[in-house]
K.L.:
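A single structure is presented below for examination.
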Amino acid sequence: MTTRLAAGLTLALTLAACSGGGDAVDVNGDGNDNEAPSEAAGDGGEQAASGGTLAAAIAGEPDQLDPHVTTAYFSFQVLENVYDTLIEPDVNLEMQPALAESWETSEDQLTWTFHLREGVTWHDGSDFTADDVVYSYNRIMDEELSPSWRFSSVESVTAVDDQTVEIVVSGPSPNLLANLGGYKGVAIVQQDNVESGDVTTAPIGTGPFSLTNYTPGSSITLEANPDYYGGAPEVSGVEFRFISEPTTALASLQSGDVDWTDNVPPQQVASLDGEDGLELGQVGSNDYWYLALNQEHEPFDQVEVRQAIAYAIDRDGITEATMFGNATVNQTAIPESSSWYTPYDTYSYDPDQATSLLEGAGVDPANIEMEIMVSTDYPETVQAAQIISSQLSDIGINSEIKSLDFGAWLDEQGQGNYDMLMMGWLGNIDPDDFYYSQHHSEGANNYQGYANPEVDELLEQGRTETDEAARKQIYDQVATTVADDASYIYLYNPDVVQAWSSDVQGYEVMPNRAIRFRDVTLN
């Protein structure tokens with residue numbers, strides 16, 4: 001995932017349907033469906049007495065909790081605290097040890113050896129070993145699960161011994177560390193938990209918290225893992241509450257009903273800075289929001305038509321109306337803050353140029369009937385679509401807005417049942433994350449049907465080029481060509497905006513939106 005927003009990185013769906021309405025899920029195996037352990041519930045357990053339970057309001061519900069299958073950001077907000085990867089990004093998005101405490105590559109750069117931490121256990125007390133890594137990666141590859149594209153260069157994964165994993169790649173792979181640690185979609189899972197089917201609602205990880213209670217439509221409760229290899233968390237647990245309305249989530253924070261939220265109304269961000277009792281965290285992100293035109297539908301198979309639409313929209317107006325200044329307009333995917341950023345500003349807001357392009361393509365805008373597919377789980381997409389529809393009408397294109405819940409949105413996208421859609425990607429770190437899956441002709445997420453042999457070749461080169469300067473030139477060409485061809489019509493890079501009670505100490509905002517509560521204290 002890269003996580004699709006809806007994550008990019010994507011959003012929440014219907015676990016209630018598969019879990020029996022609003023009943024809690026028994027994750028303890030004790031037959032008691034509706035009670036979490038006393039430590040999580042805060043009724044006198046030792047951990048609860050020492051640390052308290054942190055209440056976090058998130059904007060939606062996970063679709064499921066299998067990290068290799070879900071692409072929903074709401075899922076990964078929870079799973080970030082339950083699972084571990086071999087390595088993980090720090091606040092500067094540089095890879096650091098996690099389940100692997102060290103690694104090295106062979107002289108020919110084709111063999112990577114990872115040395116695992118000793119003494120790591122699963123939440124059920126069983127030992128974590130190299131076999132778990134082998135199982136997890138082979139599962140992703142063999143079953144062609146969501147993150148399988150990240151393993152395209154991997155030829156084999158072998159357990160040398162209980163504490164050593166060897167990965168052989170087909171060629172030099174400068175993006176391998178980002179692929180193995182960029183997000184929890186490549187987490188190490190427990191085979192028994194997967195094969196029992198429990199992983200979708202009662203995952204067992206090695207992370208700082210274990211899941212103790214899931215009430216679909218309401219909340220998920222986690223309990224601190226006293227045996228976590230990084231040390232037991234200071235808080236006794238975390239309760240994720242699903243609060244979809246931003247004003248309600250913020251009011252809950254201001255009243256003290258919750259301790260943290262990332263569901264902040266963008267129009268109220270500025271007023272929160274300096275509010276007594278609250279802390280506001282805001283950093284630039286590696287996310288991007290975009291429009292995609294279905295190139296299987298005429299006339300969007302013509303590059304001139306896609307370019308015309310790129311000229312017809314006012315990115316500044318859209319960004320201000322939907323994000324209230326909490327985003328940076330960008331016509332490519334990678335943000336200015338990244339060393340991989342490519343300057344590009346071809347598509348000024350120019351309705352006359354848009355009209356000229358349509359005329360040159362022999363397309364009468366009055367004959368274009370199009371739907372703009374957005375998700376009600378992302379209100380900003382609905383707001384943006386209203387503006388875009390109005391701007392398209394200025395050049396004679398009639399459009400209707402098709403608003404779906406995110407599950408239906410994903411289905412329609414996968415089946416190619418759309419003309420134009422708006423969505424976002426998050427969790428990007430390496431430049432390959434921003435472009436390969438979305439714009440390679442065989443990319444797993446190239447739902448728009450884009451195919452350019454030049455881009456394919458460049459993307460393949462970028463995956464094996466180890467000289468950073470040469471690699472930067474490759475991705476400059478990719479970014480420019482993809483934008484020129486309007487495979488995606490990029491809009492902006494949003495800020496990460498989160499707010500929390502002043503009683504919460506030690507929390508850091510991550511530019512990749514990873515939500516980590518393992519180091520926080522609650523006064």
Side-chain angles (χ1 to χ4, degrees), residues 1-5 8-9 93 147-153 169-179 182-183 285-295 300-301 303-304 306-307 309-310 315 328-347 423-493 512:
M1 124 191 116
T2 297
T3 303
R4 280 302 283 285
L5 255 185
L9 99 165
L93 302 185
S148 60
W149 62 273
R150 294 176 176 268
F151 293 82
S152 61
S153 68
V169 292
S170 57
S173 302
N175 60 339
L176 185 67
L177 292 181
N179 284 341
Y183 82 118
S285 78
N286 278 20
D287 310 350
Y288 63 86
W289 287 80
Y290 66 95
L291 303 172
L293 288 155
N294 189 341
Q295 297 176 37
F300 311 122
D301 56 334
V303 65
E304 295 87 357
R306 301 195 300 273
Q307 291 170 339
I309 291 174
R315 289 167 181 76
T328 302
V329 172
N330 190 4
Q331 295 188 26
T332 63
I334 300 178
E336 293 182 29
S337 58
S338 171
S339 61
W340 299 102
Y341 171 69
T342 302
Y344 184 95
D345 60 358
T346 296
Y347 298 112
M423 197 43 68
W425 279 88
L426 61 79
N428 314 287
I429 295 178
D430 188 85
D432 181 77
D433 298 343
F434 289 86
Y435 286 107
Y436 190 97
S437 179
Q438 302 90 332
H439 305 288
H440 191 286
S441 61
E442 298 182 1
N445 298 105
N446 182 359
Y447 294 107
Q448 72 275 22
Y450 175 65
N452 183 324
E454 178 189 357
V455 170
D456 284 356
E457 183 177 354
L458 288 168
L459 288 171
E460 296 294 346
Q461 291 174 6
R463 285 191 153 188
T464 59
E465 179 57 67
T466 57
D467 179 87
E468 188 164 309
R471 198 166 184 244
K472 175 66 166 62
Q473 291 180 349
I474 289 171
Y475 284 104
D476 283 344
Q477 295 178 65
V478 168
T480 299
T481 305
V482 165
D484 283 346
D485 290 345
S487 174
Y488 277 3
I489 298 173
Y490 296 98
L491 300 174
Y492 56 81
N493 302 114
N512 65 342

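Everything quoted here is computed from the prediction, not taken from an experiment. Residue numbers count from 1 along this sequence.
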K.L.:
Going by atom type alone, with no hydrogens or angles, which donor-acceptor pairs under 3.5 Å involve a side-chain atom of residues 332-339 and a protein atom two or more places apart or on another chain?
P.N.:
unit_1	atom_1	unit_2	atom_2	d
T332	OG1	N330	OD1	3.3
S338	OG	W340	N	3.0

K.L.:
Quick check for you: to the nearest 0.5 Å, what is the distance between L93 atom CG and N286 atom CG?
P.N.:
5.5 Å
K.L.:
More than 12 non-hydrogen atoms from neighbouring residues, nucleotides or ligands closer than 6.0 Å to CG on D467, yes or no?
P.N.:
yes
K.L.:
Who are the side-chain hydrogen bond (donor to acceptor under 3.5 Å, both in side chains) partners of S173, not counting sequence neighbours?
P.N.:
S153
K.L.:
side-chain hydrogen bond (donor to acceptor under 3.5 Å, both in side chains) with T466: which residues, sequence neighbours excluded?
P.N.:
none
K.L.:
Identify, with sequence neighbours excluded, every residue that meets salt bridge (charged side-chain N to carboxylate O under 4.0 Å, His left out) alongside R306.
P.N.:
none
K.L.:
Could you tabulate the donor-acceptor pairs under 3.5 Å formed by side-chain atoms of residues 468-478, not counting sequence neighbours?
P.N.:
unit_1	atom_1	unit_2	atom_2	d
R471	NE	G462	O	2.6
R471	NH1	D430	OD1	3.0
R471	NH2	D430	OD1	3.4
R471	NH2	D430	OD2	2.8
R471	NH2	G462	O	3.3
K472	NZ	Y341	O	3.1
K472	NZ	D476	OD1	2.7
K472	NZ	D476	OD2	3.1
D476	OD1	T342	OG1	2.6

K.L.:
Output all residues satisfying ring-ring contact (aromatic ring centres under 6.0 Å, His included) with Y347, sequence neighbours left out; order by chain, then residue number.
P.N.:
Y311
K.L.:
Checking F151 now: which residues fulfil ring-ring contact (aromatic ring centres under 6.0 Å, His included) with it, not counting sequence neighbours?
P.N.:
Y137
K.L.:
List for me each residue that meets side-chain contact (heavy atoms from CB on, under 4.5 Å) alongside T464, sequence neighbours excluded, and say none if there are none.
P.N.:
none
K.L.:
With sequence neighbours excluded, tell me which residues meet ring-ring contact (aromatic ring centres under 6.0 Å, His included) with H440.
P.N.:
Y436
K.L.:
Please report the shortest heavy-atom distance between R150 and A178, naming the atom on each side.
P.N.:
NH1-O, 3.7 Å
K.L.:
Taking only residues two or more places apart in sequence or in another chain, which ones pass side-chain contact (heavy atoms from CB on, under 4.5 Å) with D484?
P.N.:
Y344, T346, T480
K.L.:
Could you tell me which residues satisfy side-chain contact (heavy atoms from CB on, under 4.5 Å) with V329, sequence neighbours excluded, listed by chain and number?
P.N.:
R315, D316, T319
K.L.:
If the condition is side-chain contact (heavy atoms from CB on, under 4.5 Å), which residues does N452 pass it with, not counting sequence neighbours?
P.N.:
Y450, E454, V455, T481, D485
